[in-house]
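FYI, the numbering just counts along the sequence from 1.
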Amino acid sequence: AIIATLVAAVSVTIPLVQDRNNRLACAKNLKEVGTLFINYQQEHQGRPKYDGVSMFLYFRVTSNDIRKGEESVLICPGDQQVMNPSSPEGQAKYDDEVDLSNPPDNMASYAVRDFSTYALSVESKERQIIACDRNGSDGRTLHHRGGLNVLYDNGQSVFMSREDLGISGDAPVVVGPASE
């Protein structure tokens, strides 16, 4: 009975620890690509012409700010739909002609705000979200239990729970144009 209790406790704890580690690695990735975004804005007095997944892919495919072999920064460890490009074949897909106006679903876990429709407010004193976990190609498949990582315009990456987002426990966490 003691062994069964210990096994049950460990089987519950391990997934929670894995999810926490995935959230932390994801937040680190978002912060890194967020720094590229902020640097680009400052150097070019504006943002790249791309939104959504394409904006961060731009930094690998076009500008090479994300160097060959560093593509994993584009991938959340909790994203089951995008595989880490650890093989030469996986890395090669980033070197092929990638159509940034219609990128493949399996190349990045993060999406940037649609700035043309939802522009940042220059007058705002509040932090504004510029990117987050994409939540899968459908915008609804959570990478992390109970919420998602978001990237603010000051470069800070924060995990936001359903409660922080104002979403009830049974409602889907939706990212993208269909989200609240």
Side-chain angles (χ1 to χ4, degrees), residues 15-40 47-48 50-96 98-115 118 128-153 155-162 164-165 167 172-180:
L16 294 174
V17 169
Q18 287 174 331
D19 187 56
R20 186 179 135 269
N21 290 340
N22 285 346
R23 277 196 342 236
L24 292 172
C26 173
K28 180 181 174 279
N29 287 350
L30 263 176
K31 187 171 178 68
E32 226 173 292
V33 292
T35 299
L36 293 175
F37 174 81
I38 290 167
N39 289 343
Y40 185 96
R47 61 178 181 77
Y50 301 102
D51 294 315
V53 175
S54 299
M55 221 276 314
F56 289 145
L57 282 174
Y58 168 86
F59 292 126
R60 169 59 179 91
V61 175
T62 305
S63 71
N64 289 320
D65 287 325
I66 299 172
R67 292 192 246 348
K68 191 176 216 169
E70 296 175 356
E71 295 85 1
S72 61
V73 75
L74 296 168
I75 299 164
C76 171
D79 188 348
Q80 301 302 308
Q81 296 179 350
V82 177
M83 294 299 148
N84 198 335
S86 55
S87 68
E89 297 81 26
Q91 288 178 356
K93 72 181 177 183
Y94 292 89
D95 296 324
D96 296 337
V98 177
D99 179 6
L100 291 175
S101 61
N102 188 24
D105 282 339
N106 63 351
M107 293 183 75
S109 299
Y110 308 112
V112 175
R113 172 188 202 128
D114 176 355
F115 291 105
Y118 305 99
Q128 298 175 78
I129 295 174
I130 60 169
C132 67
D133 289 320
R134 188 174 59 134
N135 281 355
S137 56
D138 62 358
R140 297 170 178 266
T141 306
L142 284 176
H143 297 174
H144 310 292
R145 242 178 261 239
L148 52 88
N149 279 314
V150 298
L151 176 67
Y152 288 98
D153 56 353
Q156 183 182 20
S157 178
V158 176
F159 181 76
M160 294 184 76
S161 68
R162 289 175 171 277
D164 297 333
L165 296 165
I167 299 172
V173 177
V174 180
V175 173
S179 71
E180 294 179 22

*From CD (E32) to CZ (F59), nearest 0.5 Å*: 12.5 Å
*Write down the atom of D19, the atom of H143, and the distance for their closest heavy-atom approach.*
OD1-O, 4.1 Å
_Check: I66 and L57 side chains under 4.5 Å, non-hydrogen atoms_ = no
_If you compare all heavy atoms of D99 against all heavy atoms of S101, which two are closest, and at what distance to 0.1 Å?_
OD1-OG, 2.5 Å
_Y110 side chain reached by L30 side chain, heavy atoms, under 4.5 Å_ = yes
*Exam field: side chain K93 to backbone N106, donor-acceptor pair closer than 3.5 Å*: yes
_Flag, side chain of R113 to backbone of Y118, donor-acceptor distance under 3.5 Å_ = yes
*Is any side-chain heavy atom of V33 closer than 4.5 Å to a side-chain heavy atom of V73?*
yes
*Is the side chain of Y94 donor-acceptor paired with the backbone N or O of M107 at a distance under 3.5 Å, no angle test?*
yes
*Can V82 and R134 be said to form a side-chain contact (heavy atoms from CB on, under 4.5 Å), step by step?*
CA-CA 11 Å; V82 177; R134 188 174 59 134; 3.8 Å; yes
_N/O donor-acceptor pair under 3.5 Å between N135 side chain and V175 backbone_ = no
*Is it the case that more than 12 heavy atoms not belonging to K68 sit under 6.0 Å from its NZ atom?*
no
*Among N29, D133, D79, the one residue meeting side chain to side chain donor-acceptor pair (under 3.5 Å) with S109*: D79
*Are the aromatic ring centres of F115 and F37 under 6.0 angstrom apart?*
yes
*Drop me the distance from L24's CG to H144's NE2, to the nearest 0.5 angstrom.*
9.5 Å
*Between S157 and K31, is there a donor-acceptor pair closer than 3.5 Å when you use the side chain of the first and the backbone of the second?*
no
*Can you tell me how far CG of D51 sits from CZ of F56, rounded to the nearest 0.5 angstrom?*
11.0 Å
*Could you check if a side-chain atom of D114 sits within less than 4.5 angstrom of a side-chain atom of M55, using non-hydrogen atoms only?*
no
*Give a yes or no on whether the backbone of T141 and the side-chain of D138 come within a donor-acceptor separation of less than 3.5 Å.*
yes
*Are L165 and L148 close enough, and set up right, to give a side-chain contact (heavy atoms from CB on, under 4.5 Å), and what steps lead you there?*
CA-CA 9 Å; L165 296 165; L148 52 88; 4.1 Å; yes
_S161 backbone acceptor or donor facing D164 side chain under 3.5 Å_ = yes
*Between atom CD1 of I130 and atom CD1 of I38, what is the distance when rounded to the nearest 0.5 Å?*
5.5 Å
*asked:* For Y152 versus M160, what's the shortest heavy-atom pair and its separation?
replied: OH-SD, 3.5 Å
*Please report the shortest heavy-atom distance between V53 and A108, naming the atom on each side.*
CG1-CB, 3.5 Å
*Counting only N and O atoms by type, is there a donor-acceptor contact under 3.5 Å from the side chain of N149 to the main-chain atoms of C26?*
no
*asked:* Once rounded to the nearest 0.5 Å, what's the spacing between atom CZ of R60 and atom CG of L36?
replied: 12.5 Å
